[in-house]
2 protein chains.
Amino acid sequence: MVTSSIGDAVRDRCAHCPGRADSICNVICDEDLPFLAAESARIHIPSGRAFIEEGTPAHDFYVLTDGRVKLFNLLPDGRRQIAGFARRGDFLGLAAAKNYAFSAEALGDVMLCRFSHSSIERLTERFPRLQQRLRDEASRELIQMQRRLVLLGRKTARERLATFLVEQSCSMLCRKGRDQLTVPDGPVLVNLAMPRTDIADYLGLTIETVSRTFGLFKKERLITVRGITGITLLEPYRLVDIAEGLG
Amino acid sequence: MVTSSIGDAVRDRCAHCPGRADSICNVICDEDLPFLAAESARIHIPSGRAFIEEGTPAHDFYVLTDGRVKLFNLLPDGRRQIAGFARRGDFLGLAAAKNYAFSAEALGDVMLCRFSHSSIERLTERFPRLQQRLRDEASRELIQMQRRLVLLGRKTARERLATFLVEQSCSMLCRKGRDQLTVPDGPVLVNLAMPRTDIADYLGLTIETVSRTFGLFKKERLITVRGITGITLLEPYRLVDIAEGLG
DNA sequence: CGTATTGTTGACTACCGTCAAGCCCAGTGG
DNA sequence: CCACTGGGCTTGACGGTAGTCAACAATACG
């Protein structure tokens, strides 16, 4: 594959995983692509389909190459907690021992790259840097988890929704930047692209509370809403303050 | 070091980290102990002392060789969320990128083994199995985190405290078994060994709610309390049901 | 255009948080 | 030995935030 810049070279290295520049496949040299291809399989998941079920034997890892995925846990009576949303380039399956510790469902159409655990073993043997990448991925997730614990354990509904909006806007603006809550001074358009039930189950609230809190934000001129999923953050910095409990 | 059984051999392998049989040091062969010793430092932390502060540059990993540690995050106004409690054999510092994503404080006297990041690099180069161990450690933590999200996002105060008690009893009974909520049929004695504020901040509740819920459990003959920290679970299986939302 | 699904709004409720008083117990000093 | 003190825990009264239930509106879809 001929490329003109380092950025492109990295991005285009793997035909299976064209996502993030630091995606799993990009620790691998060009000449090894056939080896990589032999160890993975491309999979298409239609919208709404679950493809990992909590408690089932964990045989595979996945790299999300296109679309979005929600990861969640259920209580026996049906209460649901969404642990997070995965995006293009994300690695799925680290939160598993013998069995998966979560369920995963496509949010819209999804393309995945599947690697069996034994494939990953072979790949890490051949590409030691991959081990490091996996550890970094796990660290990144652990950091996010800590923030989510604070959100669910100690924040009010208002703070939770503000956190969510800022988080979403960060992840839209820049893939790498979503780990810190930095936003521009001016208005930001965010496309939530998920129903209210998902927002509620992610924030540990009910859809009614989510709806009411959106209403408050509108009334306070913090956001404007276009349709259902199109949200414009009018004063992102104020939302950041609210998210941190300073608003 | 002369040992009589495989179990002892594994346990005694590392003079620094005598904890779990699968502790970080035990991927290392006997003859390499001097190398390991050169890469780590033993540290004593007195009760109540904080030794990792959220947001500070992350230079080191730690292995907890004795005592207990609480890991937590703070909001600017002082609200605290305890993310978890580390025990002998646990690995600390994976939830960090450039900076630590959490603070850590000794719960009672603590002995640590400190490894700089560069030490870990050298160690993983020399002992590739260590990479695998670190990944496993991260996976284990991620699995726990998922359960904690459900607890904080979707469980009632009653369910949270029941979960906590079962969790604690599991971790007391068997170091490895704490990932599943299996308890004996008969009464179990649990020593909480932490103040109510810590329980509250771990469960996302107030100390008053924790206290009241303990009171309810007593009244329902689910537990008996000796002093402040000595709890006997009279019907562990019923507590498990409550923890899962079935009680 | 009609139906179904999803979202919004309102009235009411309940769980848990807040505030305050009192308790228990350990440690201290008279 | 006992009173005193202080910190952590418990208990009670009250209030607020978010949940529940229900009706209605908006949107999607055939």
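In what follows, chains carry the letters A, B, and so on, assigned in the order in which the sequence lines appear, proteins first and then strands, with residues in each chain numbered from 1. Worth knowing before you read on, the calculation uses all heavy atoms, side chains too, and leaves out hydrogens, waters and symmetry mates.
- Remark: side-chain polar atoms of B:R42 are not paired, donor with acceptor, to backbone N or O of B:C113 under 3.5 angstrom.
- Checking side-chain atoms of A:R160 against main-chain N and O of A:L203 turns up a donor-acceptor pair under 3.5 Å.
- Between A:F51 and A:Y62, the two ring planes are perpendicular [angle over 60°; tilted spans 30° to 60°].
- When the P atom of C:dC15 is taken as reference, atom NZ of B:K155 falls 18 Å away, rounded to whole Å.
- The bend of the helix from C:dC1-D:dG30 to C:dG30-D:dC1, defined by the angle between the axes of its first five and last five pairs, stands at 30° to the nearest 10°.
- Side-chain N or O atoms of A:D90 include one that pairs as donor or acceptor with a backbone N or O of A:R87 at under 3.5 Å.
- Only B:P195, B:R196, B:E208, B:S211, B:R212, listed by number, bring a heavy atom of residues 192-213 of chain B to less than 4.0 angstrom from any atom of DNA chain D.
- Listed by chain and residue number, nothing satisfies the ring-ring contact (aromatic ring centres under 6.0 Å, His included) test with A:F72 (two or more places apart in sequence, or in another chain).
- Between the side chain of A:T163 and the backbone N or O of A:E159 there is at least one donor-acceptor pair closer than 3.5 Å.
- Using modelled atom types and a 3.5 Å distance limit, the side chains of A:Q81 and A:N73 yield no donor-acceptor pair.
- Pairs of residues two or more places apart, or lying in two chains, that qualify as ring-ring contact (aromatic ring centres under 6.0 Å, His included) and include a residue from residues 200-247 of chain A are A:F85-A:Y202, A:F164-A:Y202.
- Remark: C1' of C:dT18 and CG of B:D77 are 15 Å apart, rounded to the nearest angstrom.
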Show me, pair by pair, the donor-acceptor contacts under 3.5 angstrom made by side chains of residues 222-234 of chain A, not counting sequence neighbours?
unit_1 : atom_1 : unit_2 : atom_2 : d
A:T229 : OG1    : A:N191 : OD1    : 3.0

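- Closest-nucleotide positions on DNA chain C for A:F214 and A:R154 were compared, and the one nearer the 5' end corresponds to A:F214.
- With hydrogens and angles ignored, the 3.5 Å screen pairs no side-chain donor or acceptor of B:R196 with any backbone N or O of B:V210.
- Contacts between residues 216-229 of chain B and DNA chain C, defined by a heavy-atom separation under 4.0 Å, are absent.
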